[in-house]
Protein chains: 2
Amino acid sequence: MVTMSDVAREAGVSMMTVSNVLTGRKRVGEPTRDRVLAAVESLGYEVNLTARHLRAGRTDTVALIVPSFHDYFGEVADRIAPLIEAGGRHLVVERTSADARSEMESLSLPRLQMYDGVFLSVAGLHADELDRVPSSAPIVLLGEREVPGRFDHVRLANVEGARLATAHMLERGARRVLALGGAVGSSAGMESDRQTGWAQAHRAAGLAPGERLVVPVPDFTSEAAFHAVVRLLDDGVPFDGVFAVNDTVAFGAVAALTERGVHLPDEVQLVGFDNLGVSRFVPPGITSVDPGYDAVAATAVRLLEQRMTGSDAPREHVTIPVQLVERGSTRRLR
Amino acid sequence: MVTMSDVAREAGVSMMTVSNVLTGRKRVGEPTRDRVLAAVESLGYEVNLTARHLRAGRTDTVALIVPSFHDYFGEVADRIAPLIEAGGRHLVVERTSADARSEMESLSLPRLQMYDGVFLSVAGLHADELDRVPSSAPIVLLGEREVPGRFDHVRLANVEGARLATAHMLERGARRVLALGGAVGSSAGMESDRQTGWAQAHRAAGLAPGERLVVPVPDFTSEAAFHAVVRLLDDGVPFDGVFAVNDTVAFGAVAALTERGVHLPDEVQLVGFDNLGVSRFVPPGITSVDPGYDAVAATAVRLLEQRMTGSDAPREHVTIPVQLVERGSTRRLR
DNA sequence: CTGTTAGCGCCTTCAG
DNA sequence: CTGAAGGCGCTAACAG
């Protein structure tokens, strides 16, 4: 490995001069500078970022830590990346280890401290994991769950979105709307708030949201949703609407209904949540609650940058408004 | 900030003993060890990984560098992550900067050297960018393009997959199969090989693959594919099969056909490539070429680990076999 | 089993 | 404008 002192020797100057030429932080005489650059070139020198980081006390890197690289998180990551780069830093994405006992947890403090800042998705995080996370470091929490007030937090208007989605179907004649992916017991995840909105819409319409209409979907996979809906159809449980707690779950429902010959939206209407890129293209087009991805990303980045500059402004808990995007899976209002 | 020497002083031992206790790399006497751990606890000490990295000359971190966090790359990342963790390292995912001129390029050598190893997706990489990448570092290239022999490289059996896909439709009666997302001129990306396979299948069936059937899709987005297919239908171009160069493109085609009332698979059959997680759920179920994600991940990890251990075994160029997964978008053979 | 020595490669500080 | 010294926090290698 060729180091800075090699370059210094080759150019006949001190290390400091090499450093100054490379960082451009100090004026260096033209001829000296040329000699240094020539030496850099001829030796093929490259800075060692690890050393720079130790010395500088920062890494110019921000991490986004998510439970998976898919779906909602992929969409968010794609929006956050350019904003972070615009601030002269890098974004790296890490997945929270599936194996919670692992020593390699991304959530270990040393690991978090390797970054100038961290976006941490709280989905799939245990409460005690969150307790161990220090609020001294620049950290912004993302996700649909109650979190301690000592953190900045960006979340969606889940109740409102679910209410909109459900009311949309009720207004269009649906009377038995499933909460697909809902929680039967208590729960602290996104499904909890979204189920609340689903229930609110029912009450606002003078309907009782029957508990039988709440259908859990393990792990919120399309696969599990598919099987849950197939089972409902087999059991002859009547329903004419589906509020899917997210689009991934909605995909499973759409497939199940379509394969069983149930027509969308004439026999059953359906609304999802997240408005994933593909949802517009899944026949008959999935009506979905759009999270305002750009606003999520912009807000999260704003909060993190504020925290990274060392501001001790009070922590903010921001709720991003959502919007219903109407497509073929729900009826047109005449 | 509390450092290791603080802990050492508090515990009344040398720094080395603290280090040994924490890393577990050397045997330390029970009572000493307890004193150290107590000191760590009471001071709230956490290792500084940056310093450890500099000293140890490794970061225990592997990067996967991809053009976007979506689709194919998300699937691959989800498979690679556990394998890397099993080796006691971390995986981080970086996106190649959209802005090629940026100083912050992920591809800069210093950045690559921050990692013990790198998986680099060559999709969307310019040839000169690849030329600048040193082959001395542990790097494994992923992607459907010719690369210099000095790299390890994992790719898919694109020609074979496309041939299978197209033959599948031809055997089922299709006579005019589009190459959706094909390249009209020359090209070096995945679409090139896949188009070759499409043409081969035609010739094997005694058909001439008409150039009019090759339909480019800018950026391979669902959106662009949707519009391309709509235009075809509007122009009355006859076709009864669609080979989509990837599933993202296939989604656009499915939406266009469905919205125009063209029945899949009776009027038009369709096959995609990549077998994304959602493809099984997009009505009527998208027949697709499955890349063998697990094999891709396992092979890539094997090659990288070999390279990270310093092996100078000859570079390998591995082609992963693919398999057609039959679903509702193509007809059943009677 | 524990401690000492000697840096890893870079950059801040202060002289010259 | 350039250089010398020192240290960021940690650990390999070797003593004891």
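Within every chain, numbering begins at 1; the chains are lettered A, B, ... in the order of the sequence lines, protein sequences first and strands thereafter.
Applying the 6.0 Å contact sphere to CZ of A/Arg33 captures no more than 12 heavy atoms from other residues, nucleotides or ligands. Summarising the local packing, CZ of B/Arg150 is surrounded by more than 12 heavy atoms from other residues, nucleotides or ligands at distances under 6.0 Å.
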I'd like a table of atom pairs between the protein and nucleotides 11-13 of chain D - only N or O on both sides, under 3.5 Å - with the distance next to each one.
residue: D/dT11; atom: OP1; partner: B/Arg52; partner atom: NE; Å: 2.4
residue: D/dT11; atom: OP1; partner: B/Arg52; partner atom: NH2; Å: 3.0
residue: D/dT11; atom: OP2; partner: B/Ser19; partner atom: OG; Å: 2.9
residue: D/dT11; atom: O2; partner: B/Arg55; partner atom: NH1; Å: 3.0

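If one axis is set at each end of the helix from C/dC1-D/dG16 to C/dG16-D/dC1 from five pairs, those axes are 40° apart, to 10°.
Side-chain contact check for B/Phe119 versus B/Leu304: some heavy-atom pair is nearer than 4.5 Å.
Residue A/Thr17 has a polar side-chain atom (N or O) positioned under 4.0 Å from OP1 or OP2 of D/dG3.
Under the 30°/60° scheme for interplanar angles, the aromatic rings of A/His153 and A/His317 are found to stand perpendicular.
Here B/Thr32 lies in heavy-atom contact (under 4.0 Å) with sugar-phosphate atoms only. The residue B/Gly29 sits close only to the backbone: its heavy atoms come under 4.0 Å of sugar-phosphate atoms, none of a base.
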Enumerate donor-acceptor pairs with a distance under 3.5 Å from any side-chain N or O in residues 4-13 of chain B to protein atoms, sequence neighbours excluded.
residue: B/Ser5; atom: OG; partner: B/Thr3; partner atom: OG1; Å: 3.4
residue: B/Asp6; atom: OD1; partner: B/Arg9; partner atom: NH2; Å: 3.2
residue: B/Asp6; atom: OD2; partner: B/Thr3; partner atom: N; Å: 2.8

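Listed by chain and residue number, A/Glu146, A/Asp193 satisfy the salt bridge (Lys or Arg N to Asp or Glu O under 4.0 Å) test with A/Arg155 (two or more places apart in sequence, or in another chain).
The side-chain hydrogen bond (donor to acceptor under 3.5 Å, both in side chains) contacts involving residues 34-52 of chain A comprise nothing, where partners must be two or more places apart or lie in separate chains.
Ion pair A/Arg111/A/Glu94 flagged as a salt bridge, since at least one NZ, NE, NH1 or NH2 atom sits closer than 4.0 Å to an Asp/Glu carboxylate oxygen.
Interface limits on DNA chain C: the 5'-most and 3'-most nucleotides within less than 4.0 Å of chain B heavy atoms are C/dC1 to C/dG9.
A donor-acceptor pair under 3.5 Å is formed between the side chain of B/Tyr293 and the backbone N or O of B/Asp274.
In terms of position along DNA chain C, the nucleotide closest to B/Gly12 lies nearer the 5' end than the nucleotide closest to the other residue of the pair B/Gly12 and A/Met1.
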Taking it one step at a time, do A/His53 and B/His53 satisfy side chain to side chain contact (heavy atoms under 4.5 Å, CB included)? CA-CA 10 Å; A/His53 293 165; B/His53 293 165; over 6 Å; no

